[in-house]
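Letters go in sequence order (proteins before strands), and every chain restarts at 1.
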Number of protein chains: 2
Amino acid sequence: MSLMQIPRRVDYGLRAIIYLSTQDPEKCCSITEIAKQQNVPKKFLEKIIQDLMRRGLIRSKRGSCGGYSLARSANEISFYDVIEALEGSITVNACMDEEFSCDQLPRCTMVGVWSEIQRKVTEVFTRTTLADLRRTPCRDIVSASSLSSAA
Amino acid sequence: MSLMQIPRRVDYGLRAIIYLSTQDPEKCCSITEIAKQQNVPKKFLEKIIQDLMRRGLIRSKRGSCGGYSLARSANEISFYDVIEALEGSITVNACMDEEFSCDQLPRCTMVGVWSEIQRKVTEVFTRTTLADLRRTPCRDIVSASSLSSAA
DNA sequence: TAGTTATCCCACTAAATTAGTCTGATTTAA
DNA sequence: TTAAATCAGACTAATTTAGTGGGATAACTA
Ligand code: SF4
Ligand code: SF4
């Protein structure tokens, strides 16, 4: 009963890379550390992080005292980069996928709506970088707890 | 490999209700007719249409020569109405769902992004009614074929 | 009243996706 | 050499999606 929801994979991946963006760029964070801090199943996260590696968003150091760090600076990594690395491109409906074509397309009146949605969603994701998230703890719930911890 | 895609169910349901909006309001269209015109599996469509019925978007006439027609006028039925009738509310990430709460929420920096996406998507879907689709055959592909058939 | 055509209702299956685990090899610092 | 880490890939379990089938019920027509 919930539509157009991003998968856990992507949420977890974003948690991880956002965590890295808050750490010293030279520091290597282990899977164990990230998983614990962000409350993500460790082995699952391991696989997710491998995908971010292959796409060149983060880099790794192997062996003891190894771990991960951002491959480029936080303002050069967008939400879209992460999402696309993990799940491929966003296609809000089947006909928005280039590889697929619908037989109704020539006389379909709703494709305009899908492309409008797709354009807007993509715009937000490409515009938002990890650096943008630095300051805002949680836009809506800036209440007692978060204020006191910031002091 | 395609993210945030609406399910076939919704696409089929929209095809059906859009088709009804192009027909005489008094005419009853049978499942068979709609399924054939819109190229949707008949039995599957039957179930989808029942959901639209229960939500009061369309009405039916039973028996021989029965069928379906819009329950209200085309400009009073939005995309959002149809989508919500078929799949429930749109929640772009788990934490946007009221029934679910994430333990990371208090210190999460990305909820703002999800709510922005959610707001924009919802805005387009609520703003767009079936009546809006009447004229536009297909915004992008207004090429030879559609132009000649319009003449 | 019988026959036909349609909605209505609910159980069921088959395929795909998602979320996650298990095993084990390889690399490197201490 | 041992411990701590990444790396690689097969595997499973649960859920969701897409679709089917069978049959009851209702209304129109002859
Ligand atoms: S019916 Fe229209 S909106 Fe749906 S998949 Fe086909 S072209 Fe796209
Ligand atoms: S981590 Fe943040 S964005 Fe993800 S579900 Fe929790 S609150 Fe929402």
Protein and nucleotides 26-30 of chain D: nitrogen or oxygen contacts under 3.5 angstrom:
{"from": "D:dA26", "atom 1": "O4'", "to": "B:Arg62", "atom 2": "NH2", "distance (Å)": "3.4"}

Would you tell me whether A:Ser2 and A:Gln5 have side-chain atoms, one donor and one acceptor, within less than 3.5 Å of each other?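 Indeed, the side chains of A:Ser2 and A:Gln5 share at least one donor-acceptor pair under 3.5 Å.
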A:Asp97: salt bridge (charged side-chain N to carboxylate O under 4.0 Å, His left out) partners, not counting sequence neighbours: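 If we apply the salt bridge (charged side-chain N to carboxylate O under 4.0 Å, His left out) test to A:Asp97, skipping adjacent residues, there are no hits.
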With sequence neighbours left out, write down each residue that passes salt bridge (charged side-chain N to carboxylate O under 4.0 Å, His left out) with B:Glu76, or none if nothing qualifies.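 By the salt bridge (charged side-chain N to carboxylate O under 4.0 Å, His left out) rule, B:Glu76 matches no residue at all.
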With a 4.5 Å cut-off on side-chain heavy atoms, are A:Cys102 and B:Arg15 touching?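 Sidechains of A:Cys102 and B:Arg15: in contact.
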Could you tell me whether the side chain of A:Met4 reaches within less than 4.5 Å of the side chain of B:Ile117, counting heavy atoms only?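 They are not in side-chain contact.
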Could you measure the distance from the CD1 atom of A:Ile31 to the CD1 atom of A:Ile49? Nearest 0.5 Å is fine.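 If I round to the nearest 0.5 Å, the distance is 4.0 Å.
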To the nearest 0.5 Å, what is the distance between NZ on B:Lys47 and CG on B:Leu86?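 Going from the NZ atom of B:Lys47 to the CG atom of B:Leu86 covers 11.5 Å.
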Testing the basics here: between [X] and [Y], what is the closest heavy-atom pair and its distance to 0.1 Å?
X: B:Ser21; Y: B:Arg134; value: O-NH2, 2.9 Å
X: B:Leu45; Y: B:Ala16; value: CD1-CB, 3.9 Å
X: A:Gly13; Y: A:Val82; value: C-CG1, 4.4 Å
X: B:Val111; Y: B:Met96; value: O-CE, 3.9 Å
X: A:Tyr68; Y: A:Leu20; value: O-CD2, 3.5 Å
X: A:Cys28; Y: A:Cys65; value: CB-O, 4.3 Å

Compile the donor-acceptor pairs under 3.5 Å between side chains in residues 123-130 of chain B and protein atoms, sequence neighbours left out, one pair per line.
{"from": "B:Glu123", "atom 1": "OE1", "to": "B:Arg127", "atom 2": "NH2", "distance (Å)": "3.4"}
{"from": "B:Glu123", "atom 1": "OE2", "to": "B:Arg127", "atom 2": "NE", "distance (Å)": "2.7"}
{"from": "B:Thr126", "atom 1": "OG1", "to": "B:Thr122", "atom 2": "O", "distance (Å)": "2.7"}
{"from": "B:Thr126", "atom 1": "OG1", "to": "B:Glu123", "atom 2": "O", "distance (Å)": "3.1"}
{"from": "B:Arg127", "atom 1": "NH2", "to": "A:Glu116", "atom 2": "OE2", "distance (Å)": "2.9"}
{"from": "B:Thr128", "atom 1": "OG1", "to": "B:Val124", "atom 2": "O", "distance (Å)": "2.8"}
{"from": "B:Thr129", "atom 1": "OG1", "to": "B:Ala131", "atom 2": "N", "distance (Å)": "3.3"}
{"from": "B:Thr129", "atom 1": "OG1", "to": "B:Asp132", "atom 2": "N", "distance (Å)": "3.4"}
{"from": "B:Thr129", "atom 1": "OG1", "to": "B:Asp132", "atom 2": "OD2", "distance (Å)": "3.4"}

Nucleotide N/O of nucleotides 12-19 of chain D paired with protein N/O under 3.5 Å:
{"from": "D:dA18", "atom 1": "OP1", "to": "B:Arg8", "atom 2": "N", "distance (Å)": "3.1"}
{"from": "D:dA18", "atom 1": "OP2", "to": "B:Arg8", "atom 2": "N", "distance (Å)": "3.3"}
{"from": "D:dG19", "atom 1": "OP2", "to": "B:Tyr12", "atom 2": "OH", "distance (Å)": "3.3"}
{"from": "D:dG19", "atom 1": "O6", "to": "B:Lys47", "atom 2": "NZ", "distance (Å)": "2.8"}

Does any residue of residues 66-74 of chain B have a heavy atom under 4.0 Å from DNA chain D, and if so, which ones, in number order?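 Residues of residues 66-74 of chain B under 4.0 Å from DNA chain D: none.
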Tell me which residues in residues 15-33 of chain A put a heavy atom below 4.0 Å from DNA chain D, sorted by number, or none.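 Of all residues in residues 15-33 of chain A, the ones placing a heavy atom under 4.0 Å from DNA chain D are A:Ser30, A:Ile31.
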Name each donor-acceptor pair under 3.5 Å that joins a side chain in residues 52-63 of chain B to protein atoms two or more places apart or in another chain, with its distance.
{"from": "B:Arg54", "atom 1": "NH1", "to": "B:Asp51", "atom 2": "OD1", "distance (Å)": "2.8"}
{"from": "B:Arg55", "atom 1": "NH1", "to": "B:Glu84", "atom 2": "OE1", "distance (Å)": "3.2"}
{"from": "B:Arg59", "atom 1": "NE", "to": "B:Ser69", "atom 2": "OG", "distance (Å)": "3.3"}

Tell me: CG of A:Asp51 to P of D:dG9, nearest whole Å?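 Taking atom P of D:dG9 as the reference, CG of A:Asp51 is at 12 Å.
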Whole-Å gap separating P (D:dA10) and CD (A:Gln50):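 In whole Å, D:dA10 P lies 15 Å from A:Gln50 CD.
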Name all residues meeting the ring-ring contact (aromatic ring centres under 6.0 Å, His included) criterion together with B:Tyr12; count only those two or more places apart in sequence or in a different chain, and write none if there are none.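 In terms of ring-ring contact (aromatic ring centres under 6.0 Å, His included), with neighbours along the sequence ignored, B:Tyr12 is linked to B:Phe44.
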Which atom pairs, donor and acceptor, lie under 3.5 Å between side-chain atoms of residues 34-43 of chain A and protein residues at least two apart or in another chain?
{"from": "A:Asn39", "atom 1": "ND2", "to": "B:Asp103", "atom 2": "OD2", "distance (Å)": "2.5"}
{"from": "A:Lys42", "atom 1": "NZ", "to": "A:Thr32", "atom 2": "OG1", "distance (Å)": "3.3"}
{"from": "A:Lys43", "atom 1": "NZ", "to": "A:Glu46", "atom 2": "OE1", "distance (Å)": "3.0"}

For DNA chain C, determine which residues of residues 52-60 of chain A have any heavy atom closer than 4.0 angstrom to one of its atoms, and list them numerically.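 Going residue by residue through residues 52-60 of chain A, none turns out to have a heavy atom under 4.0 Å of DNA chain C.
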Please identify the 5'-most and 3'-most nucleotides of DNA chain C with any atom under 4.0 angstrom from a heavy atom of chain B.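 Taking any atom under 4.0 Å from a heavy atom of chain B, the span is C:dT5 to C:dC9.
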